[in-house]
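These notes are about the structure you will find just below.
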Amino acid sequence: MDTKIMTIHGRDGVFSCEEEQALREAGEVLRSGGLVAFPTETVYGLGGDALNPESSRKIYAAKGRPSDNPLIVHIARMEDMAAVVSRVPEAALRLGQAFWPGPLTMVLPKAQRVPRETTGGLETVAVRMPSHPVARRLIACGGGYVAAPSANLSGRPSPTSARYVIEDMAGRIDVIVDGGDGDIGLESTIVDLTVDPPQILRPGYITQDMLSEVLGQVSLDGTILTADSGQAPRAPGMKYRHYAPQGELIIVSGQVGEVTAYINAHAAQDQAQGHKVGVIGTDEALAGYRADLICSLGSRQDEESIARHLYGILRRFDDEQVTRIYSECFDAMGLGQAIMNRLLKAAGHRLVELDSNREQ
Ligand code: TXA
Ligand code: MG
């Protein structure tokens with residue numbers, strides 16, 4: 001299949017005539033059952049008409065994704081939520097007012113018209129209204145309801161830039177809309193409103209504290225930040241080893257000096273055994289590492305930078321065929337909860353805790 005690439009920036013929400021024309025064309029592709037990858041403020045999505053079971057089947061096929069892993073339905077207007085859920089609870093309205101458009105996904109009982117192909121066989125549906133202007137205009141042009149998982153091949157990090165979407169999806173889908181790099185870099189927060197108290201199934205930019213301010217008590221799916229507990233997470237997609245780099249990733253926690261010494265010693269041993277070794281560090285510690293490829297996520301003080309750069313760096317290590325990766329560890333508070341959740345998943349939960357850290 002020939003994949004058409006369209007470049008549409010319109011970040012401020014204003015589109016040129018050519019861009020508007022291109023968005024309508026891409027919208028037509030969605031309406032007629034085709035697939036369009038598009039930018040959002042989190043990561044790129046791989047969109048199809050959420051109300052068309054055939055489109056959802058095509059999405060699973062293009063990603064190489066198991067079809068029991070439900071898709072998020074993206075809408076462009078708050079009032080469209082009512083069309084895809086069986087009932088809009090008060091909590092959903094309050095969250096929508098506080099955080100939509102934006103990086104928050106709500107799980108609610110589904111309306112009949114949403115096919116089970118889209119919800120992976122579940123009776124609930126995940127709904128999100130993204131804030132990226134290109135996403136919103138495309139959703140409106142595409143009929144209003146766009147099912148979209150992240151636009152990566154299953155098992156690869158979610159794409160934060162159109163070039164990664166091209167790497168994974170060129171030849172597999174109809175259109176890729178290049179709208180520049182994502183601001184946030186990690187997927188949306190998912191909150192399940194079908195349970196009491198509401199529960200975070202996937203942490204993201206909208207933190208537990210932010211949700212609690214609006215809803216009162218909000219719990220967190222306990223499997224998300226722990227080492228392997230043997231229990232399956234409640235969001236079906238969270239059980240797969242997503243976000244996985246091709247090299248083995250090990251997270252090291254402890255005091256800065258200890259972490260650097262541990263990583264350097266192990267990197268040297270690994271190199272002696274023929275490994276190509278990468279380090280995921282922060283600006284503050286970067287100069288101390290010795291390895292084949294050393295990348296900074298930004299300043300340790302700047303969690304937004306860490307979130308934005310994580311997936312790109314994991315992809316870079318794949319490109320450079322790094323076979324062993326060591327990463328610094330981050331506090332799992334606020335946005336750090338989402339960062340550590342993704343890092344732990346990428347590492348298959350391999351975390352080395354150095355002694356003096358344990359005694360703190
Ligand atoms: O930021 C995002 O959410 C991005 C952009 C494109 O919007 N999308 C995204 O979609 O990350 P995806 O498919 O990669 O992740 C969706 C997650 C999966 O873990 C899936 O299992 C969960 O949402 N999910 C979807 N519907 C669900 C439901 N009804 N109940 C529980 N979990 C659900
Ligand atoms: Mg994904």
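In listed order, ligands and their atoms are each counted from 1. Throughout, residue positions are numbered sequentially from 1 according to the sequence presented.
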Any N or O of S150 that comes nearer than 3.5 Å to an N or O of ligand 1? yes
At under 4.0 Å between heavy atoms, what of D192 touches ligand 1? The answer is neither
For the residue pair T118 and S56, confirm or rule out a side-chain donor-acceptor distance under 3.5 Å. yes
If we set the cut-off at 4.0 Å for heavy atoms, which region of T42 has an atom near ligand 1: side chain, backbone, both, or neither? side chain
Numbered atoms and elements of ligand 1 in range of H74, under 4.0 angstrom, heavy atoms: 5 (C), 6 (C), 7 (O)
Nearest-option assignment for atom 31 (C) of ligand 1, heavy atoms, candidates I72, T105, L201: L201
For ligand 1, is there an N or O atom under 3.5 Å from any N or O atom of Y44? no
Checking contacts here: is it the side chain or the backbone of K110 that comes within 4.0 Å of ligand 1, counting heavy atoms only? Could be both or neither. neither
Between R156 and D168, does any NZ, NE, NH1 or NH2 come within less than 4.0 Å of an OD or OE carboxylate oxygen? yes
Are a donor atom and an acceptor atom from the side chains of Y311 and N152 found within less than 3.5 Å of each other? no
Please list, in number order, the atoms of ligand 1 under 4.0 Å from a heavy atom of S188. 1 (O), 2 (C), 3 (O)
With heavy atoms of A148 as the reference, note each atom of ligand 1 found under 4.0 Å away. 8 (N), 10 (O)
Would you say S158 reaches the Mg ion (ligand 2) with an N/O/S atom under 2.8 Å? no
Which atoms from ligand 1 have a heavy atom of G45 less than 4.0 Å away? 6 (C)
Which of the numbered atoms in ligand 1 are under 4.0 angstrom from any heavy atom belonging to I190? 17 (C), 22 (C), 23 (O)
Go through ligand 1 atom by atom and flag the ones less than 4.0 Å from a non-hydrogen atom of T124. 28 (C), 29 (N), 30 (N)
Can you confirm if the NZ or CZ of R128 lies within 45° of the ring axis of F99 and under 6.0 Å from the centre of its six-membered ring? no
Take atom CZ in R316; do more than 12 heavy atoms of anything else shown fall under 6.0 Å from it? no
Might you work through the salt bridge (Lys or Arg N to Asp or Glu O under 4.0 Å) test for E284 and R300, ending with a clear yes or no? CA-CA 7 Å; E284 289 81 352; R300 182 161 270 281; 5.6 Å; no
Taking only Lys NZ, Arg NE, NH1 and NH2, and the carboxylate oxygens of Asp or Glu, determine whether R137 and E19 approach each other closer than 4.0 Å. no
Could R324 and D270 be called an ion pair, given the rule that one side-chain N must be under 4.0 Å from one carboxylate O? yes
Pair E28 + R24, salt bridge at N-O below 4.0 Å: no
Taking heavy atoms and a distance under 4.0 Å, where does H132 meet ligand 1: side chain, backbone, both or neither? neither
Heavy-atom nearest option to atom 28 (C) of ligand 1, drawn from L71, V43, L122: L122
If only side-chain N and O atoms count, and only distance matters, is there a donor-acceptor pair under 3.5 Å linking S188 with T105? yes
